[in-house]
Peer 1: 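Before we start, here is the structure in question, set down as structure tokens.
Side chains included, hydrogens not; waters and symmetry mates left out as well; all remaining heavy atoms used. As the structure is a prediction and not an experimental result, all values here were calculated from the model. Every number for a ligand or one of its atoms is a count from 1 in the order of the listing. Nothing fancy with the numbering, it's 1 onward along the sequence.
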Amino acid sequence: MKIKESIALVQEKRSRDGPLPIEVAPYTCSDFFKVQKRGTKPKAVRWDHRLSLESRNLRTSPLKAASRANQGDIISLGTARPTPEYYPWDVLTMQCRSTAASSGNEQQQSSSMSCLDGESGYDLGIAMNYGYSTGSPQVLRYVTEHIEMVHDPPYDDWESCLTCGSTSALDITLRILCNRGDAVLVEKYTYSGTLGTIHAQGLHTVGIEMDQFGLLPEDLDQQLDTWDSDKGPKPFVLYMIPTGQNPTGATQNLTRRKEIYRIAVKHDLYILEDDPYYFLNMERAGYNGTTPQSLTLDPDDYLQHLPTSYLSLDTSGRVLRIDTTSKILAPGLRCGWITGCSQIVNKFVSYSEVGIAAPAGPSQVMLYKLLDETWGHEGFIKWLNSLSEEYRQRRDMMIEACMNSLPLEVCHWETPAAGMFIWVVVKATKHPEFGQHINGELSQKTLLHIEGEIFKKCQENGVLVSKGSWFRPEGQELQDLCFRLTFAASSKDVLSQGITRFGKALRSEFAM
Ligand SMILES: Cc1ncc(COP(=O)(O)O)c(C=O)c1O
């Protein structure tokens with residue numbers, strides 16, 4: 001369906017439903033906002049047998065449940081939500097950009113957005129009060145519509161819920177599913193923040209082999225088929241970053257995704273689809289890497305070029321998709337959303353009630369004013385499209401700099417199709433120390449030592465890179481020397497200088 005047609009359906013539903021509730025922290029859920037009727041798709045399978053001991057004991061807060069009924073003409077003497085009369089802010093005024101990501105664009109038009117005490121849509125007094133843990137109806141409605149438009153989950157009882165970003169969402173989800181001592185299946189190299197969360201909860205990791213299209217289904221299947229129960233319970237949580245993977249930049253193609261999903265069904269796995277780089281898709285049909293002009297797509301083309309998410313493939317409700325605003329709007333919002341079957345999302349809401357409570361009101365207002373009132377669904381897609389083109393240009397600049405300045409005899413990389421990272425693999429066998437080792441093999445200690453020396457030389461030359469070993473699951477031997485470079489953090493004009501400095505450090509270490 002074209003985006004304009006989907007938006008027309010959303011508008012129709014909104015006018016049928018009438019205005020959103022405007023009391024404090026109203027109970028809300030995605031079901032209220034889905035365009036498609038319930039009961040037209042299969043239901044998710046049950047996950048009771050996979051819940052952790054901790055999450056089985058979790059109860060919904062009686063105070064929060066009581067305030068669900070707090071609608072209409074009721075005098076609340078029950079919950080300690082201070083009256084907005086005493087909040088020292090009367091108005092929040094924000095200026096936002098048009099939907100073109102580049103600030104250098106002369107035609108850039110900004111819009112003024114304000115949120116007042118006493119306004120009808122999303123009152124500042126309500127936004128600054130306690131909120132319900134799924135998020136405000138205003139933001140959850142937008143998120144639900146967005147999920148339905150982009151991913152259209154193929155089962156009935158899916159729900160979305162706002163989060164305080166993916167880091168927090170992962171922490172909560174692992175608590176829902178895992179007991180201390182359990183193992184989580186992860187890619188052979190994975191986001192170091194998630195490794196930190198996993199280890200902090202007393203969990204282990206099992207690394208699955210990868211190639212340039214990400215996690216290898218054969219290795220996943222084999223490790224599960226041959227799981228030795230002396231090592232502990234067979235793992236059933238599979239954590240993946242399927243698009244523009246952090247750190248390798250790999251994007252799984254559709255065949256790969258379908259095969260991994262098939263194996264997940266075979267072994268009854270629950271998939272955590274951590275996908276912050278999904279919208280930073282840099283694939284452009286017919287583009288050979290040399291066209292200099294801007295390649296921003298038509299919004300419908302842009303959506304069609306996006307990978308098929310696991311959420312879109314998920315017929316059994318075994319995927320929790322984790323989205324964040326960190327890489328597409330701003331990390332300081334500390335906001336994102338999860339989408340999965342209602343059994344797991346409801347547990348997530350109960351955890352949020354005893355932890356984060358709800359994403360911060362000012363962040364929710366900023367999202368609502370920008371996404372719903374100012375840009376609308378089409379505007380958001382235009383923004384994502386334009387942002388992905390910015391990253392496409394940055395990626396190409398960095399790839400060109402790598403070709404020009406890195407010693408090609410000792411290193412190689414793949415051009416990432418999405419995300420923010422280039423993963424440079426350095427041939428350790430070309431290192432001067434290589435010949436001095438037994439059987440010509442470098443020990444782990446030596447590899448780590450060389451990696452450390454390169455890192456140090458980079459710093460001395462004035463460039464910061466990330467070591468491959470930071471992204472290794474526990475017990476995973478370092479097989480290569482790898483470095484993660486990002487084209488997201490520095491200004492465009494210094495990217496190539498950064499690569500020159502990295503090249504200098506490599507040449508010095510390899511005595512070239
Ligand atoms: C794969 C992955 N997951 C999660 C995060 C953290 O996201 P958030 O800022 O939403 O906590 C990052 C940040 O780099 C990431 O790369």
Peer 1: Within 45° of the axis and under 6.0 Å from the centre of the six-membered ring of Y270, does NZ or CZ of R50 qualify?
Peer 2: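 No.
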Peer 1: Below 3.5 Å, N or O to N or O, backbone or side chain included: is there any such pair between T167 and ligand 1?
Peer 2: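 Yes, there is a polar N/O contact under 3.5 Å.
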Peer 1: Closest non-hydrogen protein atom to atom 5 (C) of ligand 1, residue and atom name please, with distance?
Peer 2: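 Among all protein heavy atoms, the one nearest atom 5 (C) of ligand 1 is Y191 CE2, 3.4 Å.
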Peer 1: For I241, take its heavy atoms, then give the atoms of ligand 1 lying under 4.0 Å from any of them.
Peer 2: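 Result: 1 (C).
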Peer 1: Between F279, F33, W375, which is the residue that forms a ring pair (Phe, Tyr, Trp, His ring centres under 6.0 Å) with H146?
Peer 2: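 The ring pair (Phe, Tyr, Trp, His ring centres under 6.0 Å) with H146 is passed solely by F279 among F279, F33, W375.
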Peer 1: Give yes if a backbone or side-chain nitrogen or oxygen of S168 is under 3.5 Å from a nitrogen or oxygen of ligand 1, and no if not.
Peer 2: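 No, S168 has no N/O under 3.5 Å of an N/O on ligand 1.
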Peer 1: Quick one: does P276 get a heavy atom under 4.0 Å from ligand 1?
Peer 2: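 Checking ligand 1 against P276, which is what was asked, there is a heavy-atom contact under 4.0 Å.
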Peer 1: Within ligand 1, which atoms have a heavy atom of N246 less than 4.0 Å away?
Peer 2: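 Answer for ligand 1: 14 (O), 15 (C), 16 (O).
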Peer 1: Ignoring hydrogens and angles, state whether a donor on the side chain of S316 or Y261 is under 3.5 Å from an acceptor on the partner side chain.
Peer 2: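 Short answer, yes.
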Peer 1: Establish, for the pair R321 and Y278, whether the NZ or CZ atom is under 6.0 angstrom from the six-membered ring centre and no further than 45 degrees off its axis.
Peer 2: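 Verdict for Y278: a cation-pi partner in R321.
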Peer 1: Under 4.0 Å from a heavy atom of T324: which atoms of ligand 1 are those, numbered in the order shown and with their elements?
Peer 2: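 So the answer, numbered in order with elements, is 8 (P), 10 (O).
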Peer 1: Relative to the heavy atoms of K327, which atoms of ligand 1 are at a distance of less than 4.0 Å?
Peer 2: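 That gives atoms 13 (C), 14 (O) of ligand 1.
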Peer 1: With respect to W470, which candidate in Y191, F455, F483 satisfies the ring pair (Phe, Tyr, Trp, His ring centres under 6.0 Å) definition?
Peer 2: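 In the set Y191, F455, F483, the residue that makes a ring pair (Phe, Tyr, Trp, His ring centres under 6.0 Å) with W470 is F455.
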Peer 1: Just to confirm my output: which protein heavy-atom neighbour is closest to atom 7 (O) of ligand 1, and how far is it?
Peer 2: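 Checked against all protein heavy atoms, atom 7 (O) of ligand 1 sits closest to S166 CB, 3.7 Å.
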Peer 1: What protein heavy atom sits nearest atom 1 (C) of ligand 1, and how far away is it?
Peer 2: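 Ranked first by proximity to atom 1 (C) of ligand 1 is D274 OD2, 3.3 Å.
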Peer 1: Distance only, no hydrogens: is a donor on one side chain within 3.5 Å (strictly under) of an acceptor on the other, for Q223 and D219?
Peer 2: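 Distance-only check passes for Q223 and D219.
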Peer 1: If we count only N and O atoms by modelled type, under 3.5 Å, do the side chains of Y302 and E389 hold a donor and an acceptor together?
Peer 2: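 There is no such pair (donor and acceptor under 3.5 Å, judged by atom type) between the side chains of Y302 and E389.
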Peer 1: Around atom 9 (O) of ligand 1, find the nearest protein heavy atom and jot down its residue, atom name and distance.
Peer 2: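 Answer, as residue, atom name and distance: S326 OG, 2.6 Å.
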Peer 1: Within the structure, is a non-hydrogen atom of Q245 found at a distance of less than 4.0 Å from ligand 1?
Peer 2: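 Q245 does not count as a contact of ligand 1 under the 4.0 Å cut-off.
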Peer 1: Sort out for me which residue in Q95, E373, M94, M366 forms a side chain to side chain contact (heavy atoms under 4.5 Å, CB included) with M113.
Peer 2: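 Only match with M113 under side chain to side chain contact (heavy atoms under 4.5 Å, CB included): M94.
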Peer 1: Donor-acceptor pair, distance only, cut-off 3.5 Å: does the side chain of W47 make one with the backbone of G317?
Peer 2: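 A pair under 3.5 Å: yes.
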Peer 1: Tell me which protein heavy atom sits closest to atom 16 (O) of ligand 1, plus the residue, atom name and distance to 0.1 Å.
Peer 2: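 That would be Y277 OH, 2.6 Å.
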